[in-house]
Amino acid sequence: MLSKRDKEVIWHPYTQMQTAANAIGIIKGEGVYLFDEDGRSYIDAVSSWWVNIHGHAHPYIAQKVSEQLYQLEHCIFAGFTHEPAIKLAERLLKIIPGRHSKVFYSDNGSTAVEAGIKMAVQFWHNQQKQKNKIIVLEHSYHGDTFGAMSVSARSAFTKPFTSLLFDVVTLPFPGKKNPEVTTTALNSVIENNKDEIAAFIFEPLVLGAGGMLMYDAAVLDELIKICRQNNILTIADEVMTGFGRTGKTFACEYLQQEADILCLSKGITGGTMSMGVTTCKEEIFNAFLSEDKMKTLFHGHSYTANPIACTAANASLDLLLHDDCTINIERIAEQHILFAKRLEEKLAFKNTRYCGTIFALDFPTPGQTSYFNNLRDELYHSFLNKGIILRPLGNTIYVLPPYCIKNEELKTIYDAIEDKLLRFTDGAI
Ligand code: PMP
């Protein structure tokens with residue numbers, strides 16, 4: 001049994017290994033389903049930590065990756081280059097919102113963010129300006145490496161490392177009711193820290209790990225504009241929102257303003273393998289050009305621009321940019337809206353939110369909103385027992401499916417959530 005062998009040798013991410021149930025041994029993936037060694041199937045309603053966009057083991061991506069494996073599996077990316085990396089960069093730069101002109105490859109979402117922060121800070125350093133403060137949004141999450149943790153909300157996850165994280169300036173979350181609180185805060189931060197702020201990093205429109213919190217494009221536009229007027233670089237972390245999640249290819253397409261730096265990962269390879277990308281405007285890149293070697297961006301990972309990952313990403317882009325995929329994304333968005341209406345009409349439940357293919361709701365738990373509350377585990381296991389993978393963030397349930405999910409499969413998920421809500425409001429879960 002995989003689950004027994006696993007227990008002997010593996011330490012799982014975000015898992016309290018003493019109390020966690022044995023890991024479920026998965027032997028196959030197909031479309032929206034994962035199949036375990038006991039013959040059970042699960043709808044992957046969270047796209048395997050938000051990475052999968054076209055379904056598991058997609059034959060088109062598998063074919064392209066397989067061909068590439070026989071051609072070139074990997075080569076060093078300093079001093080060398082290859083077709084899959086160039087092709088992917090050319091294609092990304094055409095579709096990324098904003099006039100970005102260079103692509104920097106790395107390994108995952110956290111490294112894409114690390115590279116983005118380093119680009120921003122060194123941009124100023126290379127011009128002899130001591131600007132190294134970073135502005136972040138309350139509840140933000142940008143990854144688990146030290147730089148990425150530093151620009152994320154301080155939480156139970158970061159607690160053991162608090163003293164090692166660099167200080168950031170946090171703006172209040174721009175809630176729908178009074179988003180001007182955030183712009184006012186930004187203005188006063190700028191007033192008090194003039195000439196010290198290097199960059200503002202944000203998750204556009206949806207704060208993922210912070211609880212699928214959603215905010216308006218208009219306030220983000222205003223924040224970016226204020227930054228631009230005050231010589232503060234802007235970094236859009238589209239690691240979760242990129243590649244169709246919010247209804248457009250990139251969430252930044254909802255904006256009038258352009259970010260200077262963009263971080264991508266997760267859906268970039270369709271969920272096939274790990275890859276990070278940081279793109280930037282020409283002005284940023286130019287600040288690193290010099291006869292002086294000290295102005296180099298000294299950052300790189302062994303597997304930078306891995307040709308297999310680049311090929312998976314190119315194949316995933318082929319699928320994403322096809323009309324069928326656009327139609328699916330629109331269909332899922334519509335289904336989410338209908339589900340929200342259904343909950344409001346049937347259960348008078350209004351606490352829902354949605355953005356493109358993302359749907360979220362908060363279970364009403366007065367005084368019990370922590371990620372670690374028992375409700376979270378209860379919900380997780382009861383959905384799992386119904387063959388649905390939903391990983392609540394505290395009392396927040398969200399649906400973030402691969403785009404190939406069918407309406408019947410969405411209905412299965414919605415019915416399970418509705419059933420749980422019904423029992424919950426009845427006082428029994
Ligand atoms: N940024 C955002 C917005 C994310 O949601 C995540 C991962 N959930 C990351 C960065 C970090 O990505 P990774 O887990 O690939 O390091």
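Reckoned from all heavy atoms, side chains included, excluding hydrogens, waters and symmetry mates. For ligands, and for the atoms within them, numbers begin at 1 and follow the listed sequence. Numbers for residues simply follow the sequence, beginning at 1.
Listed by chain and number, residues touching ligand 1 at under 4.0 Å (heavy atoms only) are Trp50, Asn108, Gly109, Ser110, Tyr141, His142, Gly143, Glu203, Asp237, Val239, Met240, Lys266.
Remark: Lys102 is positioned above the aromatic ring of Phe285, its terminal NZ or CZ atom under 6.0 angstrom from the ring centre and at most 45 degrees off the axis.
Not counting sequence neighbours, the partners of Lys411 by the salt bridge (charged side-chain N to carboxylate O under 4.0 Å, His left out) test are Asp415.
Residues in residues 156-183 take part in these salt bridge (charged side-chain N to carboxylate O under 4.0 Å, His left out) pairs, two or more places apart or across chains: Lys176-Asp216.
Proximity of a side-chain donor or acceptor of Thr396 to a complementary backbone N or O of Pro392 within less than 3.5 Å is not detected.
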What donor-acceptor contacts under 3.5 angstrom involve side-chain atoms of residues 61-69, with partners at least two apart or in another chain?
unit_1: Gln63; atom_1: NE2; unit_2: Glu67; atom_2: OE2; d: 2.8
unit_1: Gln68; atom_1: NE2; unit_2: Leu72; atom_2: O; d: 2.9

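Side-chain N/O atoms of His54 and His56 include no donor and acceptor closer than 3.5 Å.
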